[in-house]
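Below: the structure, in structure tokens.
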Protein chains: 2
Amino acid sequence: MARMISAEAQRPSRDALVEAAARLFREKGYERTTVRDLADAVGMQSGSLFYHFASKGEILYEVMRRGIDDLTMAVRLELKACSSPREELITMTRTHLRTLLSNTQASLASLLYEWRSLPDEQRDQVVTLRDQYESLCREVISQAMENGVVKQGDPRLMVRLWLGALNWTSQWYNAEGSLGIDDLAEEIVDLILVHD
Amino acid sequence: MARMISAEAQRPSRDALVEAAARLFREKGYERTTVRDLADAVGMQSGSLFYHFASKGEILYEVMRRGIDDLTMAVRLELKACSSPREELITMTRTHLRTLLSNTQASLASLLYEWRSLPDEQRDQVVTLRDQYESLCREVISQAMENGVVKQGDPRLMVRLWLGALNWTSQWYNAEGSLGIDDLAEEIVDLILVHD
DNA sequence: GTCTATATCAGGATAGAC
DNA sequence: GTCTATCCTGATATAGAC
């Protein structure tokens, strides 16, 4: 039981597949990634995928479900160690950016751009998870507003603007550049959230 | 020459095709829209498309090129009538949101999510146009910073956060809701840009 | 649980008549 | 400039052996 990164059951091939899929979906997009690409990435033949997943669409669903799940848990965990509203804002922002921009956790990117490819039922489930995450973040922002750390306004709108600003970083952030993710998080909080 | 909405040459079938494509690409995504879908939407047979465009990819390129072009021109035009930095910020935001969220101008949505489907060369061209648009907006924000209307900070970062916040509205804005686009624009500017 | 082989089909694109 | 007919490739998914 020790040394599990994620809270998933241990099914190595399946897990490797989901991770490879997350990366490939981010690089090429879901539709342009073939089941052969996925199989190649884990050293399998394409037919063998379908022992683990009933369809390609199910792989996408699993990628998204894990992505949002891991993010939510990571943020919840990190928030526990915070002792001020501003620290909460920075921590939350940093965790979101790290998860979104890290190469090992590419799942979130699919979430942003590929949701139209999900069947209705699974899309609804993902939307529910996404809404729960948004609520968690909104709570933190609401608290910070009550403490005068964030400018007064509609927290429902504020959290969406903040999320949009963060998610858009996937379009322009350059890991080779001089700006580190943690510094970026702090700058973002100071620029658009904190009220001085 | 009178009554041209856009500055394009008049090729009715071609134009109708681009407009239908913009809408379908937004609804279903580029890869999931077939050339038969496109043909149906304008009452043609699929073979006839290829008289107007060499490939499906060229239609996507044209959708994007027009989208960013029209947006840039619209913003430039509207800015001329402004008489204060804050008014410029609101006008720019309003024009961006209107263009992004209007049903008749669906082109921008493709720009956000489908750029991976473009061939390299055309992607470069679109990126250039997008950078020009970003520069235009950055100028306005820089000016507003110099005037103390926007909080001091890196305008390059600020414009990207602002763009992200705006573009993300396409994921949640509901035209049937009580919040109009113009009111939304004003709220956004006051929440994340204006420094009071 | 993975392999090989293959069924099946959808979608982009072309040819040639009108 | 549009239609009909069709080619052809590539992709998902299945069957059955090992």
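A note on names: the letters A, B, ... follow the listed sequences, proteins ahead of strands, and every chain is numbered from 1.
What separates CD1 of A/Ile59 from P of D/dA11 is a distance of 15 Å, to the nearest Å. One interatomic measurement links the two molecules: NZ of A/Lys56 to C1' of D/dA11, which rounds to 8 Å at whole-angstrom precision. We find that CD of B/Glu31 is positioned 15 Å from P of D/dG10, with the value rounded to whole Å. The nearest whole Å value for the distance from the CG atom in A/Leu49 to the P atom in D/dA13 is 10 Å. What separates CG of B/Leu17 from P of C/dG12 is a distance of 13 Å, to the nearest Å. If you measure from atom CG of A/Asp40 to atom P of C/dT2, you get 15 Å, rounded to the nearest angstrom. Atom C1' of nucleotide D/dT2 and atom CZ of B/Arg14 are separated by 17 Å, given to the nearest angstrom. Note: CZ (A/Phe53) to P (D/dA11) measures 20 Å, nearest angstrom.
A/Glu187 has no carboxylate O lying under 4.0 Å from a charged side-chain N of B/Arg156, or vice versa, which leaves the two without a salt bridge.
Using modelled atom types, one finds a donor on one side chain and an acceptor on the other under 3.5 Å when comparing A/Asn103 with A/Arg26. At a cut-off of 3.5 Å, with distance as the only test, a side-chain donor of A/Ser170 or A/Tyr113 sits close to an acceptor on the other residue.
Remark: B/Lys56 is not positioned above the aromatic ring of B/Phe50, lacking an NZ or CZ atom under 6.0 angstrom from the ring centre and at most 45 degrees off the axis.
Closest approach to the B/Met44 side chain among D/dT12, D/dT2, C/dG12 is made by D/dT2 (side chain taken as heavy atoms from C-beta onward). Checking D/dT4, C/dG12, C/dG1 against the side-chain heavy atoms of B/Gln45 singles out D/dT4 as nearest. Residue A/His52 has its side chain nearest to C/dT2 when only D/dA13, D/dC3, C/dT2 are considered. Here C/dG11 is the nucleotide among D/dT12, C/dG1, C/dG11 with the atom lying nearest to any side-chain atom of B/Thr34. Checking D/dA13, D/dT2, C/dG12 against every side-chain atom of B/Tyr51, the shortest atom distance belongs to D/dT2. Side-chain proximity of A/Phe50 to the nucleotides C/dA13, D/dT14, D/dG1 is greatest for D/dT14. The B/Ser48 side chain lies nearest to D/dC3 when the options are C/dA13, D/dT12, D/dC3.
Judged by atom type and distance alone, A/Arg36 does not reach the base of D/dG10 through any side-chain donor-acceptor pair under 3.5 Å.
Taking for each of A/Gly47 and A/Arg32 the nucleotide of DNA chain D with the nearest heavy atom, the 5'-most of the two is the partner of A/Arg32.
Ring-plane geometry between A/His96 and A/Tyr133 is classed as parallel, the angle between the planes falling under 30 degrees on a 0 to 90 degree scale with a further cut at 60.
The phosphate of C/dT2 has OP1 or OP2 within less than 4.0 Å of a side-chain N or O from A/Ser13.
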